[in-house]
Amino acid sequence: MRQATNDIALDYLLQQLAIQQPSPEQVITPSWSGLEHLNLTVKRDDLLHAIISGNKWRKLQYSLLAALQQNIAHIVSFGGGFSNHLHALGYCCHALNIKFTAIVRGDYSANPSPMLKDLLKWHTDIQYVTKVSYRQRDEPDYLRQLQDRFGKVMIIPEGGSNELALQGIAELVDELLQTYDYIIAPVASGGTLAGLIKAKHNTPCKILGIGVLKGEDYLAELVQNLLPSDLQTLPSAHWSINHDYHFDGYAKSSQELHDFCDDFYQQTQIAIEPIYSGKLFFALRDLIGQGYFPQGSKVLALHTGGLQGART
Ligand SMILES: *Cc1c(COP(=O)(O)O)cnc(C)c1O
């Protein structure tokens, strides 16, 4: 039996799930042109846990804590067939004895992905919906219907990007052992970048997002909408999103990117995948080569984990 009181603290959760927090900061020196003028460090959030990797743990921890504290025994969330978010949340719910309903975009019942097979193993209630009905995932009416249907339930948005996610990302920033001139991270649903911006807004540190989706017109807006209102008007010098490295969209990627990921692993012994971290480090190599960062800059790249999503 788990306790169900307001006294449940984050420590309990960290222990229960065996999270390796804080994650290490590691200087890397791959043979990239221009890197000799910079300091490049990687925040290894990919090492937080073997299954619940990276930014998904950061984003989910305070929602999970709230569920335990409020004695909510059922969580509902949304994602695609390879979603790192559903994977992380599915595992956490299983380990914490919380019922989990995953609303999945598209019908994979005949051919579940490795991610979905894991969810089945963890007794997730998987509900496949059409792309059209998936589009309702943020609509208040639809969410109210889900609330009515499931009763006492916590609904977490796609990607885990809610207000509590920003608090978890702030913790990652608190862990940092030194100050940096730049922090660079991949962007999909925007919660990670919003969390970094919020935590660093009153420092000289610049936050640079690498868009992994074809989202020129809306990614910045997603991030803005997650920020507290007084930070929505931050000058653009504080943060920006670069859209040159999405490789045509989310899971699409080129041979060049795959080769880059292999080469990066050879040089650093750090595994990356072509959906998020591969694009991040590819962009970094390119930007460093172009002289984007002033000489002597201290750059921190956030390894957000996500290796499970690249399984086929
Ligand atoms: C979800 C995810 C991201 C994107 O983070 P957002 O907060 O959704 O922008 C980046 N990297 C990995 C590995 C992810 O799983």
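Hydrogens, waters and symmetry mates play no part in the numbers below; they use all other heavy atoms, side chains included. Fair warning: this is a prediction, and the values are worked out from it, not measured in the lab. All ligand and atom numbering here is 1-based and tracks the order in the structure.
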Query raised in the report: Is it true that a side-chain atom of K59 and a backbone atom of G159 form a donor plus acceptor pair closer than 3.5 Å?
Result: yes
Return all side-chain donor-acceptor pairs below 3.5 angstrom for residues 197-213, not counting sequence neighbours, or 'none' if the list is empty.
from: H201; atom 1: ND1; to: K198; atom 2: O; distance (Å): 2.8
from: T203; atom 1: OG1; to: K200; atom 2: O; distance (Å): 2.9
from: T203; atom 1: OG1; to: C205; atom 2: N; distance (Å): 3.2

**Report entry** Of all pairs that satisfy side chain to side chain donor-acceptor pair (under 3.5 Å), the ones with a partner from residues 220-239, not counting sequence neighbours
**Finding:** none
Query raised in the report: Would you call C92 and I52 a side-chain contact if the rule is heavy atoms closer than 4.5 Å?
Result: yes
Identify all pairs of nitrogen or oxygen atoms, one from ligand 1 and one from the protein, separated by less than 3.5 Å, and list them with distances.
from: ligand 1; atom 1: 5 (O); to: N55; atom 2: ND2; distance (Å): 3.0
from: ligand 1; atom 1: 5 (O); to: T192; atom 2: OG1; distance (Å): 3.4
from: ligand 1; atom 1: 7 (O); to: K59; atom 2: NZ; distance (Å): 2.6
from: ligand 1; atom 1: 7 (O); to: G191; atom 2: N; distance (Å): 3.3
from: ligand 1; atom 1: 7 (O); to: T192; atom 2: N; distance (Å): 2.9
from: ligand 1; atom 1: 7 (O); to: T192; atom 2: OG1; distance (Å): 2.7
from: ligand 1; atom 1: 8 (O); to: K59; atom 2: NZ; distance (Å): 3.1
from: ligand 1; atom 1: 8 (O); to: S189; atom 2: N; distance (Å): 2.8
from: ligand 1; atom 1: 8 (O); to: S189; atom 2: OG; distance (Å): 2.5
from: ligand 1; atom 1: 9 (O); to: A188; atom 2: N; distance (Å): 2.8
from: ligand 1; atom 1: 9 (O); to: S189; atom 2: N; distance (Å): 3.1
from: ligand 1; atom 1: 9 (O); to: G190; atom 2: N; distance (Å): 2.8
from: ligand 1; atom 1: 11 (N); to: T304; atom 2: OG1; distance (Å): 2.6
from: ligand 1; atom 1: 15 (O); to: K56; atom 2: NZ; distance (Å): 2.7
from: ligand 1; atom 1: 15 (O); to: N84; atom 2: ND2; distance (Å): 2.8

Under 3.5 Å, which donor-acceptor pairs link side chains of residues 257-271 to any protein atom two or more places apart or in another chain?
from: H258; atom 1: ND1; to: S254; atom 2: O; distance (Å): 3.2
from: D259; atom 1: OD1; to: Q255; atom 2: NE2; distance (Å): 3.0
from: D263; atom 1: OD2; to: Q267; atom 2: NE2; distance (Å): 3.0
from: Q267; atom 1: OE1; to: S31; atom 2: N; distance (Å): 2.7
from: Q267; atom 1: OE1; to: S31; atom 2: OG; distance (Å): 3.2
from: T268; atom 1: OG1; to: F264; atom 2: O; distance (Å): 2.7
from: T268; atom 1: OG1; to: I270; atom 2: N; distance (Å): 3.1

**Report entry** Note, P24 side chain near L47 side chain (heavy atom, < 4.5 Å)
**Finding:** yes
